[in-house]
Novice: 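A single structure is presented below for examination.
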Amino acid sequence: MTLLTTAGMSALAPAQADAPTTFAETTLSARNLDSAPIGRYVALGDSYAAGPLVPVQSGQPAGCLRSSRNYPAVLARSAGFTNFTDVSCSGATTEDMTGPQAVRPGPNPPQLDALDGTESLVTLTIGGNDIGFASIITECTTRSSANLLGAACKDFFTAGGEDELAERIDDAADKVEDVLAEIRERSPAARVALVGYPSILPDTGPGCYPVAPFSAGDTAYLRDTQKALNAMLAEQAADAGVDYVDTYTPTIGHDICQLPGVKWVEGLVPTSPAAPVHPNSQGMRAMAAATGAVIGVPVAEPVAEPAPAETAATTNG
């Protein structure tokens, strides 16, 4: 990561409306196809691409916490890619696209170095850590829990009359723009998809304190912040002429407030293997399915499973 998308989704329409409807059509109509053999896929991004603590953790360096069931891996298997490189890394920011990222036991090389011009597909999830995802969660958990009738987190970030998080999103826009431009330069024949962030908090309503330790006012603020982040990503994708993948809409109703088996993003205390406030394996599959729908690759969608207690009640009834 990154953060808590959708206002301004109309911004993505131009990029997707003019794009070929299937991945095969894209490669057949791609620029410089002769120099870009069909089948090379490179995945870039942060923890929402890497899949920290989702089994099975694999890849090097180990500190990137990549899962063999993250959305790029699910997409690669579904599409039948024989040449797949995943350099996503938990904690990555836009700076880590062109510079090494310090993780244990050693640095993750600049992610864009994985591009050699032969790619037919590049996916990217980035921006959440540029606006301070982890620190926002920590700050809001502390402040909001102390004032459940107000919006202490919002008050903190908007003190002085300006919304600090909105400003961070604005600042990140230029950085995302630069990354997309660099990808297009290094992989001119590739189809590029900028993949947004899934629904973390309920799309409506006051939230679910204490599972999500935010007041109703702060739940609305954080939800709007995530939507603003994703809207910015959609706008940058449209401006760059690449695809934007909306993973927020198809994951509504599977946020951290839902029961185990239904939620696809884990809360601060995960009930399925995944990092706190990150997609579990079902969430990763949902992100892969959303990406596949945009590029024309069928991916089996996750199936919401009722919690054990719910199942038992139904059986006994």
Side-chain angles (χ1 to χ4, degrees), residues 1-19 43-50 70-72 75 88-98 111-112 121-134 136 163 165-184 190-201 203 222-252 265 277-279 283-284 286-295:
M1 220 168 209
T2 137
L3 184 54
L4 308 198
T5 169
T6 322
M9 280 303 132
S10 57
L12 70 90
Q16 293 184 357
D18 296 335
L44 313 168
D46 57 27
S47 55
Y48 270 62
N70 62 18
Y71 85 75
L75 181 64
S88 62
C89 193
S90 297
T93 67
T94 50
E95 289 185 0
D96 300 313
M97 300 299 105
T98 54
Q111 292 192 30
L112 295 187
L121 175 65
V122 177
T123 58
L124 169 68
T125 298
I126 204 70
N129 292 321
D130 287 86
I131 72 168
F133 175 70
I136 293 169
D163 189 334
L165 299 189
E167 292 176 349
R168 293 183 190 180
I169 292 171
D170 288 342
D171 290 342
D174 289 340
K175 299 175 183 179
V176 173
E177 177 185 10
D178 291 344
V179 171
L180 292 175
E182 187 69 20
I183 292 172
R184 293 299 297 268
R191 184 160 189 174
V192 180
L194 181 59
V195 181
Y197 295 100
S199 174
I200 296 175
L201 293 168
D203 190 52
L222 292 173
R223 176 169 54 229
D224 289 345
T225 297
Q226 185 191 1
K227 290 183 177 183
L229 171 63
N230 277 346
M232 178 275 284
L233 295 175
E235 181 178 2
Q236 292 308 312
D239 289 348
V242 305
D243 291 303
Y244 176 74
V245 179
D246 171 19
T247 66
Y248 183 96
T249 300
T251 56
I252 290 174
V265 177
V277 200
H278 279 75
M284 282 295 176
M287 294 178 72
T291 306
V294 169
I295 67 171

Novice: Identify the two heavy atoms, one from Ala237 and one from Leu194, that lie closest to each other, and give their separation to 0.1 Å.
Specialist: CB-CD2, 4.1 Å
Novice: For Thr247 versus Pro198, what's the shortest heavy-atom pair and its separation?
Specialist: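 Minimum heavy-atom separation between Thr247 and Pro198: OG1-N, 3.1 Å.
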Novice: Could you report the tightest heavy-atom contact between Ala92 and Gly45, atom names first, then the distance?
Specialist: CB-O, 3.6 Å
Novice: Looking at every heavy atom in both Leu112 and Glu182, which two are closest together, and how far apart are they?
Specialist: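 In terms of heavy atoms, the two residues are closest at CD1-CG, 3.3 Å.
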Novice: Please assess Asp130 against Val176 for the test side-chain contact (heavy atoms from CB on, under 4.5 Å), listing each intermediate value before the final yes or no.
Specialist: CA-CA 10 Å; Asp130 287 86; Val176 173; 5.9 Å; no
Novice: Among Thr94, Val179, Val195, find the one that has a side-chain contact (heavy atoms from CB on, under 4.5 Å) with Leu124.
Specialist: Val179
Novice: Distance from Lys175 atom NZ to Thr98 atom OG1, nearest 0.5 Å?
Specialist: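 With rounding to 0.5 Å, NZ (Lys175) is 11.0 Å from OG1 (Thr98).
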Novice: List the atom of Leu229, the atom of Gly128, and the distance in Å for their closest heavy-atom pair.
Specialist: CD2-CA, 4.2 Å
Novice: So do the side chains of Ser199 and Tyr248 get within less than 4.5 Å of each other, counting heavy atoms only?
Specialist: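 The answer is yes, as the side chains (C-beta and beyond) meet within the 4.5 Å cut-off.
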Novice: Could you give me the CA-CA distance, side-chain angles and deciding distance for Ile131 and Leu165, then say whether side-chain contact (heavy atoms from CB on, under 4.5 Å) is met?
Specialist: CA-CA 7 Å; Ile131 72 168; Leu165 299 189; 5.9 Å; no
Novice: To the nearest 0.5 angstrom, please state how far the SG atom of Cys89 sits from the CG atom of Asp46.
Specialist: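 Here the rounded value is 9.5 Å.
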Novice: Please examine the side chains of Val265 and Tyr197, heavy atoms only from C-beta on, and report whether any two atoms are closer than 4.5 Å.
Specialist: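 Tyr197 does not reach Val265 side chain to side chain.
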Novice: Closest approach of His278 and Ser47, non-hydrogen atoms and distance?
Specialist: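 For His278 and Ser47, the tightest heavy-atom pair comes out as NE2-OG, 2.7 Å.
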Novice: What's the spacing between Thr249 OG1 and Asp203 CG if we round to 0.5 Å?
Specialist: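 It comes to 8.0 Å.
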Novice: Tell me whether Thr93 contacts the main-chain N or O of Asn129 through its side chain, where contact means a donor paired with an acceptor under 3.5 Å.
Specialist: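 No.
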Novice: Looking only at side-chain N and O atoms, does Thr125 offer a donor or acceptor that is under 3.5 Å from a partner on Tyr71?
Specialist: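 Judged by distance alone, the side chains do pair up.
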Novice: Is there a donor-acceptor contact under 3.5 Å from the side chain of Asp243 to the main chain of Arg191?
Specialist: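 No; zero donor-acceptor contacts below 3.5 Å.
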Novice: Any side-chain heavy atom of Arg168 within less than 4.5 Å of one from Ile136?
Specialist: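 They are in side-chain contact.
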Novice: Can you measure from CG (Leu180) to CD1 (Ile126) and round to the nearest 0.5 angstrom?
Specialist: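 With rounding to 0.5 Å, CG (Leu180) is 10.5 Å from CD1 (Ile126).
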Novice: Would you confirm whether Asn70, through its side chain, and Ala49, through its main-chain N or O, come within 3.5 Å as a donor-acceptor pair?
Specialist: yes
Novice: To the closest 0.5 Å, what do you measure between CE (Met97) and CG (Asp178)?
Specialist: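 The distance works out to 13.0 Å.
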Novice: Heavy atoms, side chains only, cut-off 4.5 Å: are Leu121 and Leu75 in contact?
Specialist: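 Yes - at least one pair of side-chain heavy atoms lies under 4.5 Å apart.
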Novice: Keeping the roles fixed (side chain from Gln111, backbone from Asp96), state whether a donor-acceptor pair exists under 3.5 Å.
Specialist: no
Novice: What's the verdict on side-chain contact (heavy atoms from CB on, under 4.5 Å) for Thr225 and Ile169, showing C-alpha distance, side-chain angles and the deciding distance?
Specialist: CA-CA 9 Å; Thr225 297; Ile169 292 171; 4.2 Å; yes
Novice: Measuring from atom CD1 of Ile295 to atom OG1 of Thr123, what distance do you get when rounded to the nearest 0.5 angstrom?
Specialist: 8.0 Å
